[in-house]
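Here is the structure we will look at, set down as C-alpha cells.
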Amino acid sequence: MIRPILIHPDPRLKKVADPVADISDELRALADDMLATMYDAPGIGLAAPQIGVLNRLIVLDCIKEEGAAPQPTIMFNPEVIAASDETNTYEEGCLSIPDQYADVERPAEVSVRWLDRDGNLKEQDFDGLWATCVQHEIDHLNGKLFIDYLRPLKRQMITRKMVKLKRERARS
Ligand code: K2U
Ligand code: ZN
C-alpha cells in the first residue's frame, strides 16, 4: 500500500538506518509498499527512512523513457564499493523536500553491492541517472539529504520553506 512520506525537517531523516539482518516476508512486503509509494509520487527512488522505517532498504527505477519496461530494483544493505574520479552534476530533487531542486555533483559511475529480495548477493556498476539516484538513496540510509551538499544559506532557505509547508499542511 502507499505510505506517507516524511517531510524534512524530521529527526528520522537524519538518523543512520540499521542493517537488515534477515530478509523477512514483512521486509519484502515493505519493499513492495515502497515501490508503490515511489511510483505514485512519482519518483525514481525511495529509501526506507523516508517512510519512517530505519532499515537499510532502498528501491529505485530510473527508467524514464516512455513505453520502456520499468525496472523496479530492491536493494537491502546497499554499499558503494567503488566510485569513479570523474563526476556528474545533476539537478536533484527529493520526495522528502518537495518542489526544491539544486545541482549536486557526485561520482559519475559507482559499483554497488547489495542483497536482493531473495537474499542473493548482487554487484553492479551504475552510470548516468541510475548512479546519481542510487547514491542519493544510499545517502538517505546515512541520514544525509541532497541539501547537505549546498551552501549553508541555501540549505537554511530550503529548510525554512519546508517548515512553512509543514505548518500549512498541519492546518489543512
Ligand atoms: O529519494 C527521493 O527522494 C527520490 C528522489 C530520487 C532522486 C533524486 C535526485 C536525482 C535522482 C533521483 C527523487 O525525488 S524522484 C523525483 C525525480 C525524478 C526524476 C529526476 C529527479 C527527481
Ligand atoms: Zn531523497
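Throughout, residue positions are numbered sequentially from 1 according to the sequence presented.
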Practice problem: Share the residues that join Ile2 in a hydrophobic cluster, the rule being Ile, Leu, Val, Met, Phe, Trp or Tyr side chains under 4.5 Å apart at the heavy-atom level. | Solution: none
Quiz item: Do the side chains of Asp32 and Val59 get nearer than 4.5 Å, heavy atoms only?
Solution: no
Exercise. State, with a plain yes or no, whether a side-chain heavy atom of Val104 is found less than 4.5 Å away from one of His136.
Key: no
Practice problem: Verify the cluster assignment for Tyr90 and Val80: are they in a single hydrophobic cluster under the rule of side-chain heavy atoms below 4.5 Å apart? | Solution: no
Practice problem: Find out if a path of hydrophobic residues (ILVMFWY) with successive side-chain heavy-atom gaps under 4.5 Å connects Ile138 to Leu35. | Solution: no
Self-check item: Polar side-chain atom of Arg155 near backbone of Ile147 as donor-acceptor pair, under 3.5 Å
Solution: yes
Practice problem: Evaluate the side chain to side chain contact (heavy atoms under 4.5 Å, CB included) criterion for residues Gln100 and Ile97: first the C-alpha distance (whole Å), next the side-chain angles of each, then the deciding distance (0.1 Å), finally the verdict. | Solution: CA-CA 6 Å; Gln100 305 302 313; Ile97 310 177; 3.8 Å; yes
Exercise. Quick one: do Arg106 and Asp139 satisfy salt bridge (Lys or Arg N to Asp or Glu O under 4.0 Å)? Show the steps, please.
Key: CA-CA 11 Å; Arg106 297 182 190 270; Asp139 270 357; 2.9 Å; yes
Self-check item: Minimum-distance pair of heavy atoms, taken over all atoms of Glu92 and Thr132
Solution: OE2-CG2, 3.3 Å
Quiz item: When you check the gap from the basic side-chain N to the acidic O, do Asp25 and Arg117 get nearer than 4.0 Å?
Solution: no
Self-check item: From Arg12 atom CZ to Ile51 atom CD1, the distance as rounded to the nearest 0.5 Å
Solution: 11.0 Å
Quiz prompt | Distance, nearest 0.5 Å, that separates CD of Glu109 from CG of Asp127 | solution = 5.0 Å
Self-check item: Non-hydrogen side-chain atoms of Leu141 and Val16 separated by less than 4.5 Å
Solution: no
Residues 161-172, side-chain donor-acceptor partners within the protein, below 3.5 Å, at least two apart:
{"unit_1": "Lys164", "atom_1": "NZ", "unit_2": "Glu168", "atom_2": "OE2", "d": "3.0"}
{"unit_1": "Lys166", "atom_1": "NZ", "unit_2": "Ile7", "atom_2": "O", "d": "2.9"}
{"unit_1": "Lys166", "atom_1": "NZ", "unit_2": "Pro9", "atom_2": "O", "d": "2.6"}
{"unit_1": "Ser172", "atom_1": "OG", "unit_2": "Arg169", "atom_2": "O", "d": "2.9"}

Quiz item: Closest approach of Tyr39 and Pro70, non-hydrogen atoms and distance?
Solution: OH-CB, 4.1 Å
Practice problem: Let me see the working for Thr89 and Glu105 under side chain to side chain donor-acceptor pair (under 3.5 Å), right down to the final yes or no. | Solution: CA-CA 4 Å; Thr89 298; Glu105 186 177 10; 4.7 Å; no
Exercise. Take Arg3 and Asp40 through the test salt bridge (Lys or Arg N to Asp or Glu O under 4.0 Å) and record every step on the way to the result.
Key: CA-CA 10 Å; Arg3 307 277 191 108; Asp40 175 70; over 6 Å; no
Quiz prompt | Same apolar cluster: Trp114 and Val110, side chain cutoff 4.5 Å | solution = yes
Self-check item: CG on Leu150 to CG on Leu145, rounded to 0.5 Å
Solution: 10.0 Å
Quiz item: At their closest point, which heavy atom of Ser84 faces which heavy atom of Ala108, and how far apart are they?
Solution: OG-N, 3.2 Å
Quiz item: For Leu121, does the CG atom have more than 12 heavy-atom neighbours from other residues, nucleotides or ligands under 6.0 Å away?
Solution: yes
Self-check item: Hydrophobic cluster identity match, Ile5 and Ile58, side-chain contacts under 4.5 Å
Solution: no
Exercise. Evaluate the side-chain proximity of Lys64 to Leu129: yes if any heavy-atom separation is below 4.5 Å, no if none is.
Key: yes
Quiz item: Closest approach of Leu60 and Trp130, non-hydrogen atoms and distance?
Solution: CD1-CE3, 3.5 Å
Exercise. Measure the spacing between CE of Met34 and OG1 of Thr37 and express it to the nearest 0.5 Å.
Key: 8.0 Å
Self-check item: Asp125 and Ser111 side chains, donor-acceptor separation under 3.5 Å
Solution: yes
Self-check item: Side chain proximity check, Asp116 to Phe76, heavy atoms < 4.5 angstrom
Solution: no
Self-check item: Lys144 vs Lys14 side-chain heavy atoms within contact, under 4.5 Å
Solution: no
Practice problem: Spell out, yes or no, whether Met38 and Leu27 are grouped together once hydrophobic residues are joined by side-chain heavy atoms under 4.5 Å, including indirect joins. | Solution: yes
Quiz prompt | Heavy-atom closest pair, residues Gln50 and Cys94 | solution = NE2-SG, 3.8 Å
Quiz item: Side chain of Asp33, backbone of Met1: donor and acceptor closer than 3.5 Å?
Solution: yes
Quiz item: Any side-chain heavy atom of Thr73 sitting closer than 4.5 Å to one from Asp61?
Solution: no
Quiz item: Just by distance, do the side chain of Arg56 and the backbone of Ala17 share a donor-acceptor pair under 3.5 Å?
Solution: yes
Exercise. Quick one: pull up CG in Leu115 and CG in Leu57 and give me the separation to the nearest 0.5 Å.
Key: 11.0 Å
Exercise. Using a 4.5 Å cut-off on heavy atoms from C-beta on, say whether the side chain of Glu79 contacts that of Val112.
Key: no
Quiz item: If you count the non-hydrogen atoms of other residues, nucleotides and ligands that lie under 6.0 Å from CG in Asp118, is the total more than 12?
Solution: yes
Self-check item: Distance-minimising heavy-atom pair for Gly119 and Ile23
Solution: CA-CD1, 3.7 Å
Practice problem: Can you measure from OG (Ser96) to CG (Leu6) and round to the nearest 0.5 angstrom? | Solution: 6.5 Å
